[in-house]
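The sequence lines fix the lettering, A, B, ..., with proteins before strands; numbering per chain opens at 1. Since this is a predicted model, take the numbers as computed values, not measurements.
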Amino acid sequence: MNIFQIFHDRIAEILGQITASGRLPALDPARFVVEPPKDAAMGDLAANAAMVFAKDAKPHFPNPRQLAAEIATALAQSEGVAEVEVAGPGFINIRLKPTVYRDVLRGVLCAPDDFGRHAPSASDGTGHSRTGTLSGKVNVEYVSANPTGPMHVGHGRGAVFGDALANLLEFSGCEVTREYYINDAGAQVDVLARSAYLRYREALGEAITIPEGLYPGDYLKGAGEQIAKAHGRALLGKEEREWLAPVRDIAIAAMMDLIRDDLQALGITHEVFFSERTLHEKVNGVCEIDRQIEELRAAGLVYEGRLPPPKGQLPEDWEDREQTLFRSSDWGDDVDRPLKKSDGSNTYFAADIAYHKNKIDRGYTTLVDIWGADHGGYVKRMTAAVAALSNQKVDLDVKLCQLVKLMREGEPVKMSKRSGDFVTLREVVDEVGVDAVRFMMLYRKNEAPLEFDLAKVLEQSKDNAVFYVQYAHARGRSALRQALAAFPDLDVSATALSRAPLDLLEDEGEIGLARVIAQYPRLIEAAAAAHEPHRVAFYLYELASYFHAHWNRGKDRPQLRFVNPLERKLTGARVALVVCLTSVLASGLKLLGVSAPEEMR
RNA sequence: GACCCCGUAGCUCAGCCGGAUAGAGCAACUGCCUUCUAAGCAGUAGGUCGCAGGUUCGAAUCCUGCCGGGGUCGCCA
């Protein structure tokens with residue numbers, strides 16, 4: 001039950017009636033919003049419809065306040081409305097009867113897991129929000145780290161972000177596929193293979209030194225042993241071109257096992273692992289990438305031509321030559337982009353075109369790619385490509401995650417050079433736990449840089465948002481346990497709680513809590529439409545803070561406490577409220593992939 | 001040189017397709033509590049929203065140009 005949605009619909013209906021009376025043109029209801037007012041003293045809901053439509057209404061309503069007044073009058077008759085007033089330049093402020101919040105709470109109690117959820121319904125029109133489509137098949141591609149070593153902290157951010165976004169979209173009614181694009185083609189995996197080959201020789205007893213340019217990490221020892229196990233001494237002394245492919249296969253598989261373990265430690269699983277190499281594999285002499293290029297050429301999107309040299313620092317080996325170009329500048333990119341390297345092989349972009357075409361062909365209506373910020377320069381061409389490939393039918397939203405700066409007590413953590421590596425994601429997860437990592441990485445906009453303080457996230461204090469939110473949940477669960485201790489026969493089943501005398505919830509703090517709870521569905525919809533899971537984290541913090549503040553008032557005023565051994569009915573009503581609260585906290589935490597503990601001890 | 005992201009309180013950051021007096025936490029200052037409702041509570045103070053224009057009834061939000069920080073810039077993925 002989304003009260004904001006309900007009143008948006010009602011106001012749209014009233015506007016429709018005014019239109020029918022000939023005093024307004026037909027208007028798009030998606031243009032106005034119903035939102036919580038700036039200040040709770042102004043009421044429960046605020047609508048800006050009269051101001052948004054001021055221009056259209058001018059002939060019959062010279063100023064927005066007059067239109068607002070007419071809407072307000074009609075709205076005052078509406079169910080659940082206590083009072084409507086026009087304020088400021090033309091806001092319509094609605095004060096609700098307390099029964100509305102009781103209905104909301106009962107809704108939560110009856111179906112705690114579904115509050116805020118949008119069923120994957122068909123075309124009832126409600127799947128479309130004002131900012132994005134919240135229905136249909138969505139592919140979220142995230143992590144997609146090169147299979148050349150364990151994940152580092154930066155990868156972790158994209159991983160957590162993508163996973164939470166996927167959860168959020170699923171909860172909002174989309175059919176979501178979580179996908180990992182394995183960059184298992186190209187020079188980097190050859191370097192990996194050469195590095196693994198050294199480890200293979202090492203596993204067979206040779207003393208090795210790892211030259212500059214190869215991966216020195218210890219994590220390749222396992223791969224070396226696997227190669228030794230599979231091939232014995234057979235690969236020793238052979239030419240690289242003989243051992244490269246088999247070694248590479250084993251090394252990549254080993255690295256993917258490593259990465260999958262890292263992801264598992266973060267609670268992340270993908271449904272699809274898509275191998276870039278499959279796009280390069282030739283069938284009857286033609287690979288998927290070439291096939292796509294030729295299709296695009298036939299469609300006039302690919303041509304042979306020259307590119308002006310890049311301004312600024314000119315690459316040393318720049319040579320002006322004719323090459324195969326994708327007409328991305330026709331679709332919003334700055335210049336056309338090359339698809340072939342000088343040696344005739346395909347560029348990464350060419351492979352990515354084929355890959356995204358594959359996703360389009362699998363029937364997704366929205367594609368979301370999660371990339372590191374260093375790939376920012378790549379966004380336009382990919383967006384252009386998807387637009388061209390799908391004839392603008394499919395949306396691509398690329399979300400860039402900024403880098404993570406690891407701190408400890410405010411001091412930057414030194415990157416360990418020990419294994420030729422940085423601080424791995426696994427080390428961080430092992431040190432502070434998956435909940436802290438996930439929550440903190442989501443407690444920031446994706447495009448803002450993130451400082452992650454290893455000491456702070458373990459603090460058990462209000463300064464630490466993870467703790468604060470989880471504590472609110474634990475505290476709520478504890479209240480429920482206390483109620484059961486005071487009234488052992490108290491029925492806390494969903495049906496019983498939904499029949500609790502909620503009209504006894506009269507305190508401003510209780511009503512305020514209900515008000516924030518009622519905002520959850522709206523928050524979810526907005527966060528999902530904007531592809532911004534961080535909003536969920538901030539909402540949870542706010543909800544927790546309302547709860548803690550109310551709880552603290554009970555210290556001085558015991559009559560406000562949730563459990564009162566002398567007041568069975570009142571305790572029942574407050575327990576119902578607390579169950580609503582913990583349900584919403586648990587629901588939001590689940591979307592973020594963070595646990596909702598029963599206690600913090 | 002071009003493109004992308006960022007610039008909001010001393011610090012770290014929110015601010016939901018333009019909306020009412022720009023918010024929170026930390027730090028600072030002032031009180032309160034010394035608990036059994038568990039790792040404090042309440043309050044005060046603090047901002048030319050980088051700068052300058054523009055769009056409009058209205059701009060932190062949209063547009064343009066600067067300034068500052070970061071990133072990227074055929075044949076790395």
Quiz item: Any donor-acceptor pair under 3.5 Å joining the side chain of A/R522 to the base of B/C16?
Solution: yes

OP1 or OP2 of [N] under 4.0 Å from side-chain N/O of [X]:
X: A/K341; N: B/A77; result: yes
X: A/R475; N: B/A39; result: yes
X: A/R444; N: B/C13; result: yes
X: A/Y471; N: B/A39; result: yes
X: A/K445; N: B/G15; result: yes

At 4.0 Å (heavy atoms only), tell me whether [X] reaches a base, stays on the sugar-phosphate, or touches nothing.
X: A/S478; value: base
X: A/S461; value: sugar-phosphate
X: A/E447; value: sugar-phosphate
X: A/P449; value: sugar-phosphate
X: A/E542; value: nothing
X: A/F562; value: base
X: A/R337; value: nothing
X: A/K340; value: nothing

Quiz item: Can A/R31 be said to sit on top of A/F53's aromatic six-ring, NZ or CZ under 6.0 Å from centre and within 45° of the ring axis?
Solution: no

Quiz prompt | Pi-cation contact, A/F326 with A/R337 (under 6.0 Å, within 45°) | solution = no

Check the distance between [N]'s [atom2] and [X]'s [atom1] and give it to me in whole angstrom.
X: A/D190; N: B/A77; atom1: CG; atom2: P; result: 10 Å
X: A/K58; N: B/U56; atom1: NZ; atom2: C1'; result: 11 Å
X: A/K405; N: B/C11; atom1: NZ; atom2: P; result: 14 Å
X: A/N446; N: B/C5; atom1: CG; atom2: P; result: 12 Å
X: A/Y348; N: B/C75; atom1: OH; atom2: C1'; result: 16 Å
X: A/H534; N: B/C6; atom1: NE2; atom2: C1'; result: 14 Å
X: A/K555; N: B/U34; atom1: NZ; atom2: P; result: 12 Å
X: A/H550; N: B/C41; atom1: NE2; atom2: P; result: 15 Å

For nucleotides 19-26 of chain B, give me every protein contact, N/O to N/O, under 3.5 Å, one pair per line with atom names.
residue	atom	partner	partner atom	Å
B/G19	O6	A/M51	O	3.4
B/A20	OP2	A/K38	NZ	3.3
B/A20	N6	A/N93	OD1	3.0
B/A20	N1	A/N93	OD1	3.3
B/A20	N1	A/N93	ND2	3.0

Practice problem: May I ask you to check whether A/H548 and A/Y541 place their ring centres under 6.0 Å from each other? | Solution: no

Quiz item: Is the centre of the A/F547 ring less than 6.0 Å from the centre of the A/F562 ring?
Solution: yes

Would you say [Y] and [X] are linked by a side-chain donor-acceptor pair, where the criterion is simply a distance under 3.5 Å?
X: A/S345; Y: A/D343; value: yes
X: A/S595; Y: A/D435; value: yes
X: A/D369; Y: A/H356; value: yes

Please measure how far the [atom1] atom in [N] lies from the corresponding atom in [M], and state the result in whole Å.
N: B/G25; M: B/U35; atom1: P; answer: 27 Å
N: B/U12; M: B/A27; atom1: C1'; answer: 11 Å
N: B/G54; M: B/U61; atom1: C1'; answer: 15 Å
N: B/A60; M: B/U55; atom1: P; answer: 16 Å
N: B/A52; M: B/A9; atom1: C1'; answer: 23 Å
N: B/U8; M: B/C51; atom1: P; answer: 10 Å
N: B/A22; M: B/G65; atom1: C1'; answer: 26 Å
N: B/U30; M: B/C13; atom1: P; answer: 29 Å

Quiz item: Taking the inter-plane angle between the rings of A/Y348 and A/Y378 on a 0 to 90° scale, is it parallel (under 30°), tilted (30 to 60°) or perpendicular (over 60°)?
Solution: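 Correct class here is tilted.
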
Quiz prompt | For A/K340, side-chain hydrogen bond (donor to acceptor under 3.5 Å, both in side chains) partners two or more places apart | solution =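 Per chain and number, A/K340 pairs via side-chain hydrogen bond (donor to acceptor under 3.5 Å, both in side chains) with A/D290, A/N346.
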
Quiz item: Hey, which of these two, A/E598 or A/Y468, hits RNA chain B nearer its 5' end, going by closest nucleotide?
Solution: A/E598

Quiz item: A/L403 or A/L400: which one's nearest nucleotide on RNA chain B is closer to the 5' end?
Solution: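 First, find each residue's nearest nucleotide; the 5'-ward one identifies A/L400.
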
If you only use heavy atoms from C-beta on, which nucleotide in [options] is closest to the side chain of [X]?
X: A/A549; options: B/A14, B/C16, B/A42; value: B/A42
X: A/A526; options: B/C16, B/G74, B/C41; value: B/C16
X: A/E319; options: B/C3, B/G74, B/C57; value: B/G74
X: A/M600; options: B/C3, B/A38, B/C5; value: B/A38
X: A/S342; options: B/U56, B/G71, B/C75; value: B/C75

Practice problem: Only one of A/N93, A/V34, A/I6 passes side-chain contact (heavy atoms from CB on, under 4.5 Å) with A/L45; say which it is. | Solution: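 Testing each of A/N93, A/V34, A/I6 against A/L45, the sole residue satisfying side-chain contact (heavy atoms from CB on, under 4.5 Å) is A/V34.
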
Counting Watson-Crick and G-U wobble pairs only, both distances under 3.5 Å, name the nucleotide matched with [N], or none.
N: B/C41; answer: B/G31
N: B/G65; answer: B/C51
N: B/A24; answer: B/U12
N: B/C3; answer: B/G71
N: B/G19; answer: B/C57

Practice problem: Show your working on salt bridge (Lys or Arg N to Asp or Glu O under 4.0 Å) between A/R515 and A/D44 and close with a plain yes or no. | Solution: CA-CA 8 Å; A/R515 195 178 277 128; A/D44 298 286; 2.9 Å; yes

